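Read through the structure below, which is laid out as structure tokens, and then see the notes.
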Amino acid sequence: MTTGRTSAAPRPTAGALRLVETSTTRPRSVDISGYARQMTAHCPYLTPSLQQGLTTWTVYRADGDADAVQAELFHAGAQAAEWLRPLLNRPHGLLRCENIVLLGDVPGVRHRDLLAWPHWVLKHLYGPVGVMFGKFYAGEEEVTAAGHRIPAAPASFLPVRAAVRRRDPRFLSATPVLAAVLAAADDDGRHVFENIPTEWTEIRTWARHLLPPTKPSTSSPDAPASPPRSSS
């Protein structure tokens with residue numbers, strides 16, 4: 001699922017996520033079908049995507065410490081984004097959605113914390129080329145900006161899909177600069193990793209400058225401030 005644009009950085013964390021199922025419309029390791037049907041009420045693109053088999057799920061199980069699992073989630077997200085990029089301008093490209101599912105536990109660390117930094121970095125890297133990242137947590141019910149309740153997901157996952165430039169910026173009110181970038185996104189074929197570090201710990205440190213200026217931070221590189229909460 002990789003292309004020549006993905007990072008060639010060494011991955012000492014490889015193996016921290018164990019692949020359970022490759023990209024499939026009907027995962028067997030987690031029952032997602034009922035949840036997906038419920039979510040069609042909240043996403044107008046999901047019904048045709050499901051009908052055409054363009055919503056897929058790749059399932060992983062955590063098998064490492066928190067930093068290593070975060071690094072591998074970031075790598076999996078980049079792989080998914082690079083796989084999607086050349087497909088988004090083809091017929092039905094806007095209906096494609098690849099979901100990175102996280103099963104298993106890291107002792108003492110919530111899935112919310114495992115997904116936060118990978119999601120934060122990925123959405124900033126890929127927003128300018130029109131790829132949108134979201135995040136949902138197992139068992140946690142979300143509420144939309146309009147006050148509508150979104151059903152709790154049966155598993156934690158990062159959805160990766162084409163940005164809908166008319167709609168998605170409204171989900172990024174906490175990051176107005178990114179919202180503006182996403183609204184004007186255009187994939188010019190750029191290598192999104194060209195001007196950032198290659199190791200995950202360095203990437204995460206680099207991404208601190210993207211945090212809103214009012215966000216509290218910590219001096220410890222081992223316990224960075226969490227990115228703002230949002231489901232998209």
Side-chain angles (χ1 to χ4, degrees), residues 16-63 66 69-70 72-81 84 95-123 126 131-164 167-168 170-174 226-232:
L17 278 186
R18 181 168 60 84
L19 179 64
V20 177
E21 291 187 81
T22 57
S23 185
T24 176
T25 59
R26 297 178 180 273
R28 294 175 295 174
S29 55
V30 58
D31 184 3
I32 210 81
S33 57
Y35 170 75
R37 287 194 300 271
Q38 289 179 297
M39 287 297 290
T40 59
H42 304 278
C43 176
Y45 301 93
L46 186 53
T47 294
S49 178
L50 292 171
Q51 290 173 342
Q52 297 184 48
L54 298 177
T55 293
T56 52
W57 310 81
T58 298
V59 184
Y60 296 93
R61 185 175 298 278
D63 191 19
V69 170
Q70 282 189 332
E72 289 301 295
L73 284 169
F74 173 78
H75 181 81
Q79 279 190 307
L84 279 173
L95 298 179
R96 289 188 177 273
C97 181
E98 167 70 5
N99 298 280
I100 301 165
V101 180
L102 177 65
L103 303 180
D105 296 306
V106 174
V109 184
R110 302 175 303 170
H111 279 195
R112 176 177 290 277
D113 298 316
L114 292 173
L115 268 58
W117 272 115
H119 170 260
W120 177 255
V121 180
L122 287 162
K123 73 178 184 177
Y126 284 97
V131 177
M132 182 76 170
F133 280 82
K135 62 181 187 297
F136 295 90
Y137 310 110
E140 294 193 23
E141 189 177 75
E142 301 279 351
V143 179
T144 68
H148 301 135
R149 293 187 179 276
I150 298 176
S156 300
F157 67 99
L158 295 172
V160 190
R161 58 172 174 80
V164 182
R167 295 170 53 91
D168 285 342
R170 75 183 67 173
F171 299 126
L172 302 172
S173 59
S226 295
R229 289 181 58 179
S230 73
S231 61
S232 299

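Here, residue 1 is the first one in the sequence, and each next residue gets the next number. Just so it is clear, the structure is predicted and the values come from calculations on it, not from any experiment.
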Could you tell me which non-hydrogen atom of [X] sits nearest to which non-hydrogen atom of [Y], and how far apart they are?
X	Y	value
Ala153	Tyr35	CA-CE1, 3.5 Å
Ile100	Gly77	CD1-CA, 3.4 Å
Ala155	Leu103	CB-CD2, 4.0 Å
Val106	Ala62	CG2-CB, 4.1 Å

Look up atom [atom1] in [X] and atom [atom2] in [Y], then write down how far apart they are to the nearest 0.5 Å.
X	Y	atom1	atom2	value
Thr56	Arg96	OG1	CZ	8.0 Å
Asn99	Thr24	CG	OG1	11.5 Å
Glu98	Leu54	CD	CG	11.5 Å
Met39	Leu50	CE	CG	10.5 Å
Leu17	Phe74	CG	CZ	13.5 Å
Glu72	Leu114	CD	CG	12.5 Å

**Prompt:** How far apart are the C-alpha atoms of Leu158 and Leu102, what are their side-chain angles, what is the distance that settles it, and do they pass the side chain to side chain contact (heavy atoms under 4.5 Å, CB included) test?
**Reply:** CA-CA 8 Å; Leu158 295 172; Leu102 177 65; over 6 Å; no

**Item:** The single option from Arg112, Lys135, Glu140, His111 passing side chain to side chain donor-acceptor pair (under 3.5 Å) against Ser156
**Value:** His111

**Prompt:** Hey, what's the ring geometry for Phe157 with Phe136, parallel, tilted or perpendicular (30° and 60° as the breaks)?
**Reply:**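 Rings of Phe157 and Phe136: parallel, under 30°.
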
**Prompt:** For Gln52, what residues pass the side chain to side chain donor-acceptor pair (under 3.5 Å) criterion, not counting sequence neighbours?
**Reply:**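 For Gln52, the residues satisfying side chain to side chain donor-acceptor pair (under 3.5 Å) (neighbours in sequence not counted) are His92.
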
**Item:** Non-neighbouring partners of Arg18 that pass salt bridge (charged side-chain N to carboxylate O under 4.0 Å, His left out), sequence neighbours left out
**Value:** none

Going by atom type alone, with no hydrogens or angles, which donor-acceptor pairs under 3.5 Å involve a side-chain atom of residues 25-34 and a protein atom two or more places apart or on another chain?
residue	atom	partner	partner atom	Å
Ser29	OG	Glu21	OE2	2.5
Asp31	OD1	Ser33	OG	3.2

